[in-house]
Participant: 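Below you will find the structure I want to go over with you.
Numbering of ligands and ligand atoms starts at 1, following listing order.
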Amino acid sequence: MLTLQSPEVVQETALRWKRETKIAFVPTMGCLHEGHLRLIRRAKELAPKVIVSIFVNPLQFGKGEDFEKYPRTLELDSESLEGLDVDLLFLPTREDLFPQSFSTAIHVDGLTTALCGEFRPGHFDGVATVCLKLFQITQADFAIFGEKDFQQLRMIQRLTADMNLPLTIVSHATVREEDGLALSSRNRYLTPEERAHATRLPESLKQVRATFQSHPEFPVEDILAPAREKLEGVGFKLDYLTIASARDLIPASGSTLAHTISEPRVFFAGRLGATRLIDNWSLAEEMT
Ligand code: PAF
């Protein structure tokens with residue numbers, strides 16, 4: 001595996017590869033877990049060359065968020081990537097990607113307004129800006145994003161279409177622990193007691209899906225209320241628990257009849273202690 005820091009050298013290498021083959025790319029912030037590894041295995045199915053980036057992007061963290069304490073586990077990450085036979089690990093510094101002179105910001109409107117957009121101002125601009133840069137540098141034909149960050153995925157799809165980027169965005173189902181908790185680098189912040197309570201999150205979202213499927217005629221609030229109560233009961237402080245269409249990500253009002261929402265998904269964000277967790281689930285999907 002090549003490990004490169006310089007954006008220019010990565011771009012030259014990628015341009016050389018592209019004359020003969022395709023490139024699949026997985027952007028990450030490191031602290032790799034099985035969720036990331038599945039994205040990388042998918043990348044390997046899609047193209048003969050695979051590039052992974054590790055960069056904790058300061059642009060997407062707000063004031064008071066966990067940029068400083070975001071877990072950095074480079075040695076272990078590098079070993080996992082070697083084990084998966086990744087071709088190139090791109091490891092830029094902040095100065096490499098965002099030098100003092102950097103003056104551009106990418107804003108994708110609409111899809112980024114609600115849900116996490118409301119609670120993390122500037123977050124999606126930071127993600128869009130770094131991703132566009134990474135796509136340019138890695139010359140990717142495919143980029144793989146997990147559905148756990150569904151709003152991020154939809155925004156990147158929009159950006160790619162709007163800017164006619166010559167790459168395909170490939171989505172990957174959320175990878176979960178045995179009890180259903182979505183894998184996330186932030187799960188390691190949870191105390192053992194919080195981790196035990198966190199199992200209520202997938203349970204509650206499953207409950208929302210079950211009620212949605214058995215009573216599609218119910219108003220949205222009647223479907224969400226028991227789940228909200230369950231989550232608050234174990235100490236979750238909710239930013240939102242809502243149902244929105246996967247098309248526009250605009251939360252339905254509480255009185256909307258559930259069956260009138262197209263491509264319905266339940267979306268959650270909230271804190272358990274100091275840890276912010278997010279998750280989402282398609283409501284049309286079959287029960288497992
Ligand atoms: O999902 C993430 O880990 C980040 O938002 C990404 C896509 C690597 C951009 O920094």
Side-chain angles (χ1 to χ4, degrees), residues 7 10 24-40 42-43 50-62 65-74 76-78 80-81 86 88-98 102 104-108 111-112 115-117 119-138 140 142-160 163 165 167-175 182-189 249 267 269 275-280:
V10 172
F25 171 53
V26 182
T28 83
M29 299 206 296
C31 190
L32 303 181
H33 51 65
E34 183 56 27
H36 296 110
L37 304 189
R38 298 266 191 98
L39 302 186
I40 295 165
R42 181 76 187 106
V50 171
I51 302 181
V52 175
S53 63
I54 296 183
F55 179 64
V56 184
N57 172 29
L59 267 53
Q60 69 189 79
F61 289 80
E65 291 190 345
D66 56 344
F67 174 69
E68 299 298 341
K69 80 164 195 186
Y70 196 85
R72 283 137 171 110
T73 56
L74 187 53
L76 283 174
D77 291 351
S78 193
S80 308
L81 297 175
V86 163
L88 196 164
L89 167 59
F90 178 35
L91 261 186
T93 63
R94 180 180 189 147
E95 188 55 24
D96 290 320
L97 288 189
F98 301 118
F102 190 84
T104 303
I106 307 296
H107 175 70
V108 180
L111 289 168
T112 61
L115 305 176
C116 284
F119 293 88
R120 302 188 70 189
H123 167 72
F124 288 112
D125 292 2
V127 174
T129 305
V130 81
C131 284
L132 183 55
K133 246 182 112 84
L134 292 169
F135 295 160
Q136 293 291 108
I137 293 166
T138 61
F142 302 95
I144 301 92
F145 287 81
E147 283 186 355
K148 184 175 83 70
D149 298 291
F150 195 82
Q151 195 171 13
Q152 167 174 285
L153 164 69
R154 294 284 292 109
M155 174 191 75
I156 296 292
Q157 288 170 331
R158 186 75 266 144
L159 170 71
T160 303
M163 303 310 284
L165 302 181
L167 85 159
T168 304
I169 303 300
V170 177
S171 66
H172 192 288
T174 303
V175 182
L183 295 189
S184 162
S185 305
R186 291 187 169 102
N187 289 354
R188 62 169 58 201
Y189 298 153
L249 306 185
F267 291 90
T275 308
R276 189 172 191 271
L277 299 175
I278 59 171
D279 200 354
N280 68 91

Participant: Identify the closest protein heavy atom to atom 3 (O) of ligand 1: which residue and atom is it, and at what distance?
Facilitator: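 Closest protein heavy atom to atom 3 (O) of ligand 1: Met29 CG, 3.7 Å.
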Participant: Numbering the atoms of ligand 1 from 1, which are under 4.0 Å from a heavy atom of Pro27?
Facilitator: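 Near Pro27, the atoms of ligand 1 are 8 (C).
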Participant: Please could you name the atoms of ligand 1 that Thr28 approaches to less than 4.0 Å, counting only its heavy atoms?
Facilitator: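 Near Thr28, meaning under 4.0 Å from one of its heavy atoms, ligand 1 has 8 (C).
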Participant: If we ignore hydrogens and angles and just use 3.5 Å, is the side chain of Asp77 paired with the main-chain N or O of Gly30 as donor and acceptor?
Facilitator: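 Answer holds: no.
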Participant: Is the closest N or O pair between Gln60 and ligand 1 shorter than 3.5 Å?
Facilitator: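 Between Gln60 and ligand 1, an N or O pair is found under 3.5 Å apart.
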Participant: Could you find the nearest protein heavy atom to atom 5 (O) of ligand 1 and give me its residue, atom name and distance?
Facilitator: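 Residue, atom and distance for the closest contact: Gln152 OE1, 2.7 Å.
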Participant: Does Lys69 make a cation-pi contact with Tyr189 (under 6.0 Å, within 45 degrees of the axis)?
Facilitator: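 Yes, cation above the ring, under 6.0 Å and within 45°.
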Participant: Please list, in number order, the atoms of ligand 1 under 4.0 Å from a heavy atom of Val130.
Facilitator: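 Selected atoms, number and element: 9 (C), 10 (O).
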Participant: Using atom types as modelled, flag every donor-acceptor pair under 3.5 Å from a side chain in residues 168-175 to any protein atom, sequence neighbours excluded.
Facilitator:
{"residue": "Thr174", "atom": "OG1", "partner": "Lys148", "partner atom": "N", "Å": "3.1"}

Participant: According to side chain to side chain contact (heavy atoms under 4.5 Å, CB included), who are the partners of Phe67, at least two apart in sequence or on a separate chain?
Facilitator: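 With neighbours one apart ignored, the set is Val56, Pro58, Phe61, Arg72, Arg94.
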Participant: Rounded to the nearest 0.5 Å, how far does CG of Leu111 lie from CZ of Arg154?
Facilitator: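 Those atoms lie 5.0 Å apart.
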